[in-house]
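For reference, the structure discussed in these notes is given below.
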Amino acid sequence: MPELPEVQTIVNGLEPYILQKEIDRIIEYRQGTINTSCQGIAFGRVSSLDRRGKYIIIKTSKAVTIIIHLGMTGKLIYKKQVKKISDHCRAVIVFTDQSRIFFDDVRTFGKIHIFTHNVTFKALGKMGVEPFSDDFNYVYLSDKLKNRKAPIKNVLMNQSVVAGLGNIYVSEILHRSHVDPRRISGKLNKEEVGEIITQTKIVLREAIAHNGTSVSDFRRIEDKKGEFQNFLRVYQKDYCNCGTAIQRNKMAGRSTYFCPRCQK
DNA sequence: ATTGCTTCCTGAGCGC
DNA sequence: TGCGCTCAGGAAGCAA
C-alpha cells in the first residue's frame with residue numbers, strides 16, 4: 001500500500017530512466033484506468049517528475065501532465081525490453097526507444113489522469129501541506145487539530161491536513177510519539193503535537209532511506225521490494241519493544257496498531 | 001464544517 | 001479440492 005515513502009522511492013527510481021525520454025504512446029489495458037482517451041496525443045519528452053502527497057506527477061515538453069495514483073496495489077515497473085505483458089497490467093507508457101513503464105494494479109484502485117492543457121486537478125488543489133516542508137509545523141497542525149473531535153489517527157490520514165500519510169505510517173508515527181491513536185485530536189497538548197510533527201519527518205525519512213515498506217504489494221521500479229518493513233515497530237506487530245502485547249483495533253474501517261503501555 | 005459510512009476491486013488465507 | 005467468508009485500504013461520494 002503505497003504511501004509517501006513508497007511513492008518517493010518510485011519517483012527517485014524512475015527519474016534517471018525517463019527524464020528527457022520521449023513518450024511515444026500510452027496504452028490503456030483496462031477501461032477506467034485513464035481519465036481520457038490517449039489517441040492522438042502528442043506527449044513530447046519527460047521534462048519533470050515529481051511527487052505531491054501520494055501522487056506521481058509527470059510533465060512533458062508539450063505541456064502534457066500525467067498524474068498517477070497507485071491506489072492500494074498499483075506498481076510502476078520499468079522495463080527496457082518487453083517479453084510479455086505483466087500480470088494485472090492496466091496501462092503502459094511506451095517511450096520511443098521502446099522501453100516501457102508497466103502500470104500493474106491487482107485491485108484497480110489506481111488511476112492515471114492525463115491533462116493536455118493547464119487543467120487544475122481537483123484532488124491536488126485540496127491537498128494539505130507536505131510533511132517535509134517547513135509549512136508542516138506546530139502553528140499549522142495545532143490549528144488543524146483545534147476543536148476537532150475525530151481521533152488523531154483519522155485526522156492524520158486525511159490528505160487535506162497532511163499529504164502522503166496512510167495507515168502504516170500513521171500507526172508508526174503515533175507509536176513513536178507515544179500518543180494513543182484514539183485520542184480526540186483537539187485534546188492533544190502542545191508537546192504531543194510537536195512530537196507528532198518531529199516523528200513524522202523522522203519516520204518518513206527513514207522509510208525513504210530504506211526504499212519504502214513492502215508488506216504486501218509494494219515494489220520498486222525494478223520489481224524489487226523495499227526494506228522498511230524490517231524496521232516497523234507496531235504495524236502488524238505482536239509485541240512492542242517494551243514487551244507489551246500490541247493491541248489491534250478498527251478505526252475508520254482500518255486496522256490500527258498501538259501499544260497500550262507506551263501510547264497514552 | 002465535520003464526521004463517518006459505503007463503495008469500488010481482487011487475491012490470500014482460513015474453516016469446514 | 002473447493003466453497004464461502006473475511007480481510008487488506010486510498011479516496012470519492014454521500015448522508016447526517
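Sequence lines set the chain letters: A, B, ... in the order given, protein chains first and strands last, and positions in each chain run from 1.
Around atom CG of A:Asn230, more than 12 heavy atoms belonging to other residues, nucleotides or ligands sit under 6.0 Å away. Atom OH of A:Tyr138 has more than 12 heavy atoms from other residues, nucleotides or ligands within 6.0 Å. Heavy atoms of other residues, nucleotides or ligands lying less than 6.0 angstrom from NZ of A:Lys187 number 12 at most. Annotation for A:Gln31: atom CD does not count as buried by contact number, only 12 or fewer foreign heavy atoms lying within 6.0 Å.
One finds no side-chain N or O of A:Lys146 lying less than 4.0 angstrom from the OP1 or OP2 phosphate oxygen of B:dA1. Here A:Ser255 reaches the OP1 or OP2 of C:dA8: one of its side-chain N or O atoms lies under 4.0 Å away. Under 4.0 angstrom from either OP1 or OP2 of B:dG11 there lies at least one side-chain N or O belonging to A:His88. A:Arg148 has a side-chain polar atom (N or O) that falls below the 4.0 Å cut-off from OP1 or OP2 of B:dT3.
Less than 4.0 Å separates DNA chain C from no heavy atom of any residue of residues 2-13 of chain A.
Across all strands shown, A:Tyr169 has no heavy atoms under 4.0 Å from either base or sugar-phosphate atoms. A:Lys144 comes within 4.0 angstrom of no nucleic acid atom, judged by non-hydrogen atoms across all strands.
Contact record, A:Asp97 with A:Lys21: OD2-NZ, 3.1 Å, taken as the closest heavy-atom pair.
In this model, a donor atom of one side chain and an acceptor atom of the other lie less than 3.5 Å apart for A:Lys153 and A:Thr256.
The side chain of A:Thr108 lies closest to B:dC9, out of B:dG4, C:dA8, B:dC9. Closest to the side chain of A:Met72, from the set C:dG10, B:dT3, C:dC7, is C:dG10.
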Could you go over nucleotides 11-16 of chain C and give all protein N or O partners under 3.5 Å, atom names and distances?
unit_1, atom_1, unit_2, atom_2, d
C:dA11, OP1, A:His69, NE2, 2.4
C:dA11, OP2, A:Lys54, NZ, 3.2
C:dA11, OP2, A:Gln159, NE2, 3.3
C:dA11, N6, A:Arg254, NH2, 2.9

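Taking the side-chain contact (heavy atoms from CB on, under 4.5 Å) definition, one finds that A:Val129 meets it with A:Ser133, A:Asp135, A:Phe136, A:Tyr140, sequence neighbours left out.
Residues A:Ser255 and A:Lys250 meet the side-chain proximity criterion, which asks for heavy atoms closer than 4.5 Å.
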